Participant: 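For reference, the structure I am asking about is given below.
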Amino acid sequence: MKNGSAYVSMRDITKIFGTVKATDNMNLDVTKGEIHALLGENGAGKSTLMNMLSGIYIPDSGHIFIDNKENRFTSPRDAIKAGVGMIHQHFKLVEVLTALDNILLGYNVGLFVNKRIQKEQINKIMEKFQLDVDLDKYVFDMSVGEKQTLEILKTLYRGARILILDEPTAVLTPQETVKLFKIMRRMKNQDCSVIFISHKMNEVMEIADRVTVLRKGRTIDTLIKENSNPQELTELMVGRPVDLSIKRIDKLTDKVVFKVRNLRADNEEKVEVLKGINFEMYQGEILGVAGIAGSGQKELCEALAGLYPIKEGEISFKGEDLAGKNPKEFITRGISMSFIPEDRLGMGLVANMDMVDNILLKQYHKSKGFLVKRKPAAEKAKEIIQKLDVITPGVHHPIKNLSGGNIQKVLLGRELDSHPELLITAYPVRGLDINTCLKIYDILNEEKKKGVSILYIAEDLDSLLGLCDRIMVISNGEVTGIVDARKATKEQLGLMMLGNKEVDNAD
Amino acid sequence: MITVAFLKAAIIAGTPLLFATLGEIITEKAGNLNLGVEGMMLMGAVIGFQMGYSSNSPLLALIFAALAGGIGAFIYAFLTVSLRANQVVSGLALTIFGTGFAGFVGQKLVGLKMTDEFNDFFRELKIPGLGDIPYFGEILFNHDMFVYLGFITAIILGLYLYKTGRGLNLRAVGENPAAADAASVRITRYKYIHILIGGALCGLGGAYLSLVYVPVWQENITAGRGWIAVALVIFSAWNPYRAIFGAYLFGGLDIIGFRLQGTGIAISQYVFDMVPYVVTIIILVIVSLRKDKRNAPPKSLGEPYFREER
């Protein structure tokens with residue numbers, strides 16, 4: 001990090017959405033050649049602040065200086081001109097265009113595009129920053145990692161000197177994250193300012209030079225990473241001392257309640273995605289499921305909730321075979337599923353409806369009479385808000401306007417409210433900050449104590465190892481092993497995720 | 001030569017469809033579904049006719065027809081882009097408005113004809129050389145200037161969409177306006193400009209009907225051709241080149257019934273009137289079965305764009 005005055009300086013920035021102050025007199029200084037982390041919980045105002053620096057939002061008050069010159073951005077166009085580029089959490093790429101077209105988009109105003117010359121220029125940038133993008137590939141054929149690299153290349157091609165990355169690692173595999181960090185360091189060495197939005201403490205500690213902590217729309221402090229530690233940062237972020245460890249409670253009984261035998265299923269292209277899955281679950285245990293994204297997790301949890309057509313196999317719950325029954329019969333027997341997809345809203349909740357209606361979706365058939373009764377559902381909604389600390393203006397506020405963490409709490413709250421005996425939950429903490437994660441782990445432990453069996457599908461190995469009793473690893477639609485979470489190691493799980501059958505050091 | 005005459009007539013009948021289809025393609029490429037095609041065609045038809053009749057100037061007639069279509073499109077653009085109103089409702093309203101407008105303005109025009117001098121402007125022009133090729137010359141290169149203008153427009157539009165930077169920006173606006181916005185494309189400006197050009201093309205399509213094809217003013221002169229154009233956009237998979245072929249094909253279907261009656265084979269024209277829609281449904285089924293992302297409708301079609309929405 002270089003000494004000297006700030007290259008980017010945001011002063012007293014305030015932005016109000018409706019009645020909520022998303023940012024309240026926020027300040028931020030970033031110098032050239034540094035990686036500056038913005039750390040904060042969901043709803044702290046990180047993305048809002050950065051959206052103002054990149055011209056998406058216009059601040060209600062405050063000043064933005066770049067290189068000591070005041071700027072007033074009214075559109076992303078202005079921000080790009082000033083050298084600000086932002087990589088959004090949801091990529092801003094056009095799927096049906098090639099990588100090259102996406103890079104040229106909005107930039108080339110000449111009548112005809114000379115792709116050869118442009119390609120040469122782009123190749124030069126790729127060399128300089130050692131990026132690797134196939135320019136003729138269509139975006140819809142790209143993996144998440146490739147898309148992100150393309151986004152970075154796109155911003156660099158526009159001459160960005162200030163690069164904002166909004167939770168870039170949320171969707172990446174560990175390997176892709178390592179690659180991204182290398183790229184970020186290279187940008188830093190080229191004297192760019194890199195702003196890294198995150199709530200993952202280990203990543204911040206690994207990559208950042210300085211850290212600015214935000215909380216509830218306010219700037220709390222800016223610290224030099226070397227002089228700080230995760231505990232201090234977490235406390236600043238949350239606003240009170242936090243115990244970072246995940247609690248695990250012992251499972252109660254050895255009674256098998258759920259048994260899956262030789263479960264097979266095909267996807268739409270007639271490719272077998274579940275290849276003979278076998279496992280059983282005890283009453284009051286948390287069984288973790290680990291695996292590389294797309295190994296069959298989604299199909300498995302849908303099949304277990306009766307939503308995915310299975311080819312053969314047995315799903316027996318308390319001795320009764322449920323294979324081939326419809327989802328409603330699964331629900332009435334106390335099997336409940338909550339799946340948090342990448343976009344959070346895709347499955348489970350209706351974005352435009354409020355909490356009450358979303359609760360009713362799963363309950364209306366229980367009430368008698370021709371008309372739907374809203375009152376009990378509204379009370380349930382209030383209960384969920386209280387029990388899970390959901391932050392919302394009210395039960396009649398459309399779900400889509402809540403922040404991601406709160407949406408997830410609503411979904412989980414609704415599923416728990418049906419008092420399931422088997423809870424299937426996929427990625428319940430995806431994209432959530434530490435505090436909310438811990439809250440959700442507590443909720444799951446609470447249910448476990450009541451004797452609920454929980455199938456917990458997750459990406460984060462730390463949480464799997466900390467929370468679960470046993471971990472089932474799947475790879476390419478097959479179970480590569482079920483290990484004791486108390487004895488297993490990350491390396492062992494990693495190998496099994498890649499398809500190696502149970503590695504000997506547990507069980 | 002029945003077939004040569006028929007194919008030639010099919011191209012002429014397809015020309016108003018081609019204009020309207022191109023207009024709707026460019027509108028939909030900007031992410032806006034404008035169901036007001038029929039209305040804008042009628043507005044162009046009646047204003048073009050009125051202007052041609054009172055000024056006796058074909059050029060003024062064409063300019064005003066395009067303007068009329070453009071004004072219709074402007075109402076639509078203001079509603080859907082600036083006010084973010086529902087596109088389907090706004091489009092339907094425009095069709096109803098245009099129909100009423102043409103009926104009202106055209107009241108005193110019914111049965112009127114243009115002068116011979118005026119009609120001479122739209123006479124058949126044989127293209128030297130090409131026009132002398134046996135069969136093909138007569139079918140393709142022996143037409144009034146409107147027909148040539150139609151496929152030149154289609155080719156220009158194709159080049160614009162697929163070869164220019166602005167065309168790339170336009171496609172991005174229709175696919176993913178948030179991405180285009182972040183890439184510094186001016187969304188509102190792009191939408192307005194292309195919706196207006198689209199409306200102008202629809203207006204010209206209507207003018208061809210009232211000035212050249214019929215060419216007497218009659219009530220509801222478009223007779224549902226605007227709706228066929230909406231279907232043709234899907235048929236041609238939003239591709240201007242394919243629209244040429246599609247428009248002439250549907251043009252042929254438009255006239256085949258009457259032609260067959262002349263040969264003694266009696267199939268009602270009404271049967272053929274249904275064919276374009278049946279073909280469109282079949283195309284829709286095939287497209288959705290194939291799931292080819294490149295021939296799919298623009299992804300944000302029908303959705304308003306608001307930058308600060310979360």
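Convention: sequence-line order gives letters A, B, ...; per-chain numbering from 1. Keep in mind it's a predicted model, so treat the numbers as computed, not measured.
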Participant: Can you name the closest pair of heavy atoms from B:A180 and A:L105 and give their distance?
Facilitator: CA-CD2, 4.1 Å
Participant: Under 4.5 Å between any side-chain heavy atoms of A:S75 and B:R307, yes or no?
Facilitator: yes
Participant: To the nearest 0.5 Å, what is the distance between CG on B:D181 and NZ on A:K92?
Facilitator: 7.5 Å
Participant: Taking OH in B:Y305 as the centre, count heavy atoms belonging to other residues, nucleotides or ligands within less than 6.0 Å. Is the count above 12?
Facilitator: yes
Participant: Does atom CZ of B:F245 have more than 12 heavy-atom neighbours from other groups under 6.0 Å away?
Facilitator: no
Participant: Quick one: are A:E95 and B:E175 in side-chain contact, heavy atoms under 4.5 Å?
Facilitator: no
Participant: Ignoring hydrogens, what is the shortest heavy-atom contact between B:S184 and A:R158? Give both atom names and the distance.
Facilitator: OG-NH1, 4.4 Å
Participant: Do other residues, nucleotides or ligands put more than 12 heavy atoms under 6.0 Å from the CZ atom of B:R189?
Facilitator: no
Participant: Would you please test B:N176 and A:L93 for side chain to side chain contact (heavy atoms under 4.5 Å, CB included) and show each step?
Facilitator: CA-CA 7 Å; B:N176 186 345; A:L93 295 171; 5.7 Å; no
Participant: Of A:L100, A:V94, A:D101, which is the lone residue that meets side chain to side chain contact (heavy atoms under 4.5 Å, CB included) with B:L168?
Facilitator: A:D101
